[in-house]
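A short worksheet on the structure shown next.
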2 protein chains.
Amino acid sequence: MSRTPLHPAREQIELPMVLDCLRDPIRLAIVYQLAQQERVSSELCCGDFSGLGGKSNLAYHFAKLRECGLMQTRVAGTNRFMRLRREDLDARFPGLLDAVISSAARDAGRLQLLSDCEVVDAG
Amino acid sequence: MSRTPLHPAREQIELPMVLDCLRDPIRLAIVYQLAQQERVSSELCCGDFSGLGGKSNLAYHFAKLRECGLMQTRVAGTNRFMRLRREDLDARFPGLLDAVISSAARDAGRLQLLSDCEVVDAG
DNA sequence: TGTAATGTTCAATAGTTCTTGAACCAATTG
DNA sequence: CAATTGGTTCAAGAACTATTGAACATTACA
C-alpha cells in the first residue's frame, strides 16, 4: 500500500463526476454513512462498509469517490480512515450534498443505504 | 410516432435514476436549458436542442430524461414540447434540482451547457 | 522472524451506455 | 395523394462500468 492516495484540489471537483459517483447505489450508501458519521465528527474505515460488498469491490468504489472529490482518505497504520469533503463540496456546489443526503434519507427504505445487519424492517 | 409517451408517477421517481440522468453532459445541458426556459414559463421542443447532438442521439437522451421522471413531453401536432417536472421533483427531492442547476450555472464555462451558436467566449 | 489484519491492485468477464445511420411513423402542407 | 417536417425506433459497434477472485503490499504484533 502506497502512502496517502491522491485527491483532486477543490477547484478540480467537477459536477458531472460528482453526480456520476452518487448515482451508484453502493457509493450512495457509502456517502450516506459518511454523512451520518459527520454528526459525531469521526471517521470510518473500509471495514465499516463490509455490509455493502466485497473488499475489492469496495476498494474500487472508494477510489472513485476519492477521485471525484467526494471523500478524503487518511492512512493510519493498517487502516484507512475516510470522511466526506464537506467544506470543498459545499464551496463548489452549495446545497447539493445536503439535498442528495436528505433525499436519500427520505428514501432510505427503497435504497439499500444500510448494511444488512443495520437494516430494521419497521413492521 | 405513438401518442404521448409514458411518464413515471411522482412516487416512482427514484434518486439514483435522477442522478444517473443528470450526470451525462448532454442531459445536464438539456435540463439546464429547460430550467432557463422555466423563467418564461414556456416549453421547448426537440429541435431547440439540435446544438447538443444529432436527432437520434437526442431522442435517446430525451427518453432517458422522461423515463427517470425529470421531464415531461407533450405531443402537439408534429412537435413534442418538453418541460421540467419541477413540482414532482421538488416534492420528491427538495432542493436537489435547484442545487444541481445553480451548480451547473456556476460552472457554465466548464460544462458544455449551451449549443455552439449560443456560446459566448467572455474574453 | 513469522503470521495475521487491513486494504489495494490486477486480470478477466459480464453487462451497460453512448453514438451513429438507416428506416420508420405521424401530422402538416401543397 | 405526394412531399416535407419533426421526431422516434432499431441495429450495431465502441467504450465504459461493475464485480469477482487471486495476488500483493504494508503495518502490527507475538
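Naming: A, B, ... by sequence-line order, numbering from 1 per chain.
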Using atom CZ of A:Phe49 as one end and atom P of C:dT8 as the other, report the distance to the nearest whole Å. 11 Å
How many whole angstroms separate atom CG of B:Leu28 from atom P of C:dT17? 18 Å
Applying salt bridge (Lys or Arg N to Asp or Glu O under 4.0 Å), can you list everything that pairs with A:Asp20, at least two apart in sequence or on another chain? A:Arg23, B:Arg23
Please give, in whole Å, the distance from C:dT8 P to A:Leu65 CG? 12 Å
Close N or O pairs between protein and nucleotides 18-21 of chain C (under 3.5 Å):
residue, atom, partner, partner atom, Å
C:dC18, OP1, B:Arg23, NH2, 2.9
C:dC18, OP1, B:Arg27, NH1, 3.3
C:dC18, OP1, B:Arg27, NH2, 2.9
C:dC18, OP2, B:Arg27, NH1, 3.4
C:dC18, OP2, B:Tyr60, OH, 2.3
C:dT19, OP2, B:Asn57, ND2, 3.4
C:dT19, OP2, B:His61, NE2, 2.8
C:dG21, N7, B:Ser56, OG, 3.2
C:dG21, O6, B:Ser56, OG, 3.2

So does A:Asn79 get a side-chain nitrogen or oxygen closer than 4.0 Å to the phosphate oxygens (OP1/OP2) of D:dT27? no
Is B:Val75 close to B:Pro5 at the side-chain level, that is, under 4.5 Å between some pair of heavy atoms? yes
Quick one: B:Leu6 CG to D:dT9 P, roughly how many Å, whole number? 11 Å
Nearest-nucleotide pick for B:Cys45, side chain only, options being C:dT8, D:dT9, D:dG7: D:dG7
Tell me whether A:Arg92 contacts the main-chain N or O of A:Ile13 through its side chain, where contact means a donor paired with an acceptor under 3.5 Å. yes
Taking it one step at a time, do A:Arg85 and A:Asp90 satisfy salt bridge (charged side-chain N to carboxylate O under 4.0 Å, His left out)? CA-CA 9 Å; A:Arg85 291 181 64 178; A:Asp90 284 352; over 6 Å; no
Could you pull out all residues at least two apart from B:Gln37 that satisfy side-chain hydrogen bond (donor to acceptor under 3.5 Å, both in side chains)? B:Ser42
Could you list the residues that satisfy ring pair (Phe, Tyr, Trp, His ring centres under 6.0 Å) with B:Tyr60, not counting sequence neighbours? none
Evaluate the salt bridge (charged side-chain N to carboxylate O under 4.0 Å, His left out) criterion for residues B:Arg74 and B:Glu43: first the C-alpha distance (whole Å), next the side-chain angles of each, then the deciding distance (0.1 Å), finally the verdict. CA-CA 9 Å; B:Arg74 180 174 65 85; B:Glu43 302 158 304; 2.6 Å; yes
Calculate the interatomic distance between A:Leu52 atom CG and C:dG7 atom C1'; express it in whole Å. 16 Å
Without decimals, in angstroms, what is the distance between B:Leu44 CG and D:dG6 P? 15 Å
Whole-Å distance, A:Glu67 CD to D:dT17 P, equals 11 Å
Would you indicate, yes or no, if C:dT6 has its OP1 or OP2 atom less than 4.0 angstrom from a side-chain nitrogen or oxygen of A:Arg80? no
Quick check on the helix from C:dT1-D:dA30 to C:dG30-D:dC1: what's the angle between its two end axes, five base pairs per end, to the nearest 10°? 10°
Taking for each residue the nucleotide of DNA chain D with the nearest heavy atom, is it A:Lys55 or A:Ala76 whose nucleotide lies nearer the 5' end? A:Lys55
May I have all residue pairs that pass side-chain hydrogen bond (donor to acceptor under 3.5 Å, both in side chains) and include part of residues 5-18 of chain A, sequence neighbours excluded? A:Arg10-A:Asp88, A:Glu11-B:Arg110, A:Glu14-B:Arg110
So do B:Leu70 and B:Leu97 actually touch side chain to side chain, heavy atoms under 4.5 Å? yes
B:Phe62 atom CZ is separated from D:dT9 atom P, nearest whole Å, by 13 Å
